[in-house]
Amino acid sequence: MAIFLCFLFFLLSSATACDHCVHQSKVSYFSKTSALSKGACGYGSLALGLGSGHIAAAVPSIYKNGAACGGTCFQVRCKNRALCSRKGTRVIVTDLNHNNKTDMVLSRRAFRALANKGMDNEILKQRAVDVEYIRVPCEYKHHNLAVRIEESSKNPNYLAIKVLYQGGKTEILGVVLSEYGSPARVDMRRKFGAVWETDRAPKGPLQFGFPIVQGFDVKWIWAKNPVPADWKIGVTYDTGVQITDIDFTDGCAECGPWN
């Protein structure tokens, strides 16, 4: 556990990147819906239901080897006032963008939402637009933080989970689990994106713990609801808690506000 904590503090130095600043870039959009269910975060078809389908693939500096998955949201607005609304739209990061010409590639639905009323078809003709964006808290009004048991899991030893509905404006640095009521903990490792795994899963009811960034420290979020010992593949379990923390400390210089 001591080694794990040291690793967490190492991650803190690179966990945030001027999250309170307004960034200038371009965004484009996915022309095919099928591309959205193949994202690097591993959400599959579940991605289409996140944020009412307002989702995005982000460049590596935002994606952060999967740390951004599902818990990183941005308010995005395009700078062409004749074409676009001043409010813009909120998107959730669910994929990695390999195109260095745009910071994000949005779902078609999110891209259309940038436009003024009646101009959504016109904005689609642009293919890419100049935007400004800022990180905002993720909100899942009808969901707590949850874990989904992945199909590769094999009870009792090998367990792979997908973390869903991560709220707030911070980052999950790791996942630990223990047999409910036991002080012994097992550190899970990130397999990819939002998927975590271990081949040392305890045999009893499982309690999950999530260390998150809070300034230059770590805060632990502990699930209230245990996952039953006879957990089932493909089932999503409600942790009974939600992350609402907003991390304001990112070590950046002062930058312009979102007006």
Side-chain angles (χ1 to χ4, degrees), residues 1 3-23 39-43 46-47 50-51 54-76 90-97 103-104 133-140 143-148 160-177 185 187-198 208-223 239 241-252 255 258:
M1 192 64 183
I3 295 176
F4 178 67
L5 288 174
C6 289
F7 180 63
L8 291 185
F9 282 105
F10 170 77
L11 290 177
L12 284 173
S13 63
S14 59
T16 54
C18 297
D19 281 342
H20 69 278
C21 290
V22 178
H23 298 270
C41 288
Y43 291 122
L46 292 174
L50 298 177
H54 288 216
I55 55 181
V59 289
S61 60
I62 297 174
Y63 182 77
K64 300 176 186 175
N65 294 318
C69 289
T72 299
C73 296
F74 292 100
Q75 191 71 23
V76 184
R90 179 176 301 195
V91 297
I92 302 171
V93 174
T94 61
D95 195 6
L96 174 63
N97 172 27
D103 279 11
M104 287 182 276
Y133 65 90
I134 189 170
R135 188 171 177 185
V136 294
C138 290
E139 297 179 354
Y140 295 99
H143 295 281
N144 287 321
L145 186 68
V147 295
R148 180 188 184 276
I161 64 164
K162 185 180 297 170
V163 179
L164 298 170
Y165 314 125
Q166 176 194 338
K169 182 187 167 189
T170 183
E171 288 170 9
I172 290 177
L173 297 174
V175 180
V176 301
L177 72 161
R185 299 176 184 175
D187 302 327
M188 302 190 78
R189 57 187 176 271
R190 190 189 297 275
K191 187 175 183 180
F192 63 88
V195 180
W196 298 76
E197 65 178 355
T198 182
F208 286 88
F210 306 90
I212 65 171
V213 177
Q214 189 178 60
F216 296 104
D217 204 350
V218 173
K219 176 181 177 180
W220 285 86
I221 305 294
W222 291 99
T239 66
V241 296
Q242 181 54 280
I243 297 172
T244 57
D245 297 76
I246 299 176
D247 180 37
F248 291 102
T249 309
D250 57 20
C252 298
C255 53
W258 178 267

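These numbers were taken from a predicted model, which means no experiment stands behind them.
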Original post:
With sequence neighbours left out, what residues match Asp245 under side-chain hydrogen bond (donor to acceptor under 3.5 Å, both in side chains)?
Top reply: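 Testing Asp245 for side-chain hydrogen bond (donor to acceptor under 3.5 Å, both in side chains), a comparison that skips the adjacent residues, returns Gln214, Lys219.
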Just how far is it from atom [atom1] of [X] to atom [atom2] of [Y], taken to the nearest 0.5 Å?
X	Y	atom1	atom2	answer
Lys169	Cys138	NZ	SG	10.5 Å
Thr72	Ile62	OG1	CD1	8.5 Å
Ile92	Leu50	CD1	CG	5.5 Å
Ser61	Asp103	OG	CG	6.5 Å

Do [X] and [Y] come within less than 4.5 Å of each other through their side chains, counting heavy atoms only?
X	Y	result
Met188	Ile161	yes
Asp187	Trp196	no
Phe208	Val241	no
Leu173	Val213	yes

Original post:
Using 4.0 Å as the upper bound for N to carboxylate O, is an ion pair formed by Glu171 and Arg190?
Top reply: no
Do you know which two heavy atoms are closest between [X] and [Y], and how far apart they sit?
X	Y	result
Asp95	Tyr63	O-CD1, 3.6 Å
Gly167	Gln242	N-OE1, 3.0 Å
Met104	Ala56	SD-CB, 4.2 Å
Pro211	Val218	CB-CG1, 3.6 Å
Lys162	Val195	CE-CG2, 4.2 Å
Ile134	Cys21	CG1-O, 3.5 Å

Just by modelled atom types, is the [Y] backbone N or O under 3.5 Å from a matching donor or acceptor in the [X] side chain?
X	Y	result
Gln166	Ile243	no
Gln75	Val136	no
Asp247	Gly215	yes
Thr239	Leu145	yes

Original post:
Which residues pass the ring-ring contact (aromatic ring centres under 6.0 Å, His included) test with Tyr140, sequence neighbours left out?
Top reply: Tyr165
Original post:
Of all residues at least two apart in sequence or in a different chain, which pass the ring-ring contact (aromatic ring centres under 6.0 Å, His included) check with Tyr43?
Top reply: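 ring-ring contact (aromatic ring centres under 6.0 Å, His included) check on Tyr43 returns nothing, list empty.
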**OP:** Under the side-chain contact (heavy atoms from CB on, under 4.5 Å) rule, what do Phe210 and Val147 come out as? Steps first, then yes or no, please.
**Re:** CA-CA 11 Å; Phe210 306 90; Val147 295; 4.1 Å; yes
**OP:** Specify whether Tyr133 and His23 have parallel, tilted or perpendicular ring planes, treating 30° as the upper limit for parallel and 60° as the lower limit for perpendicular.
**Re:** parallel
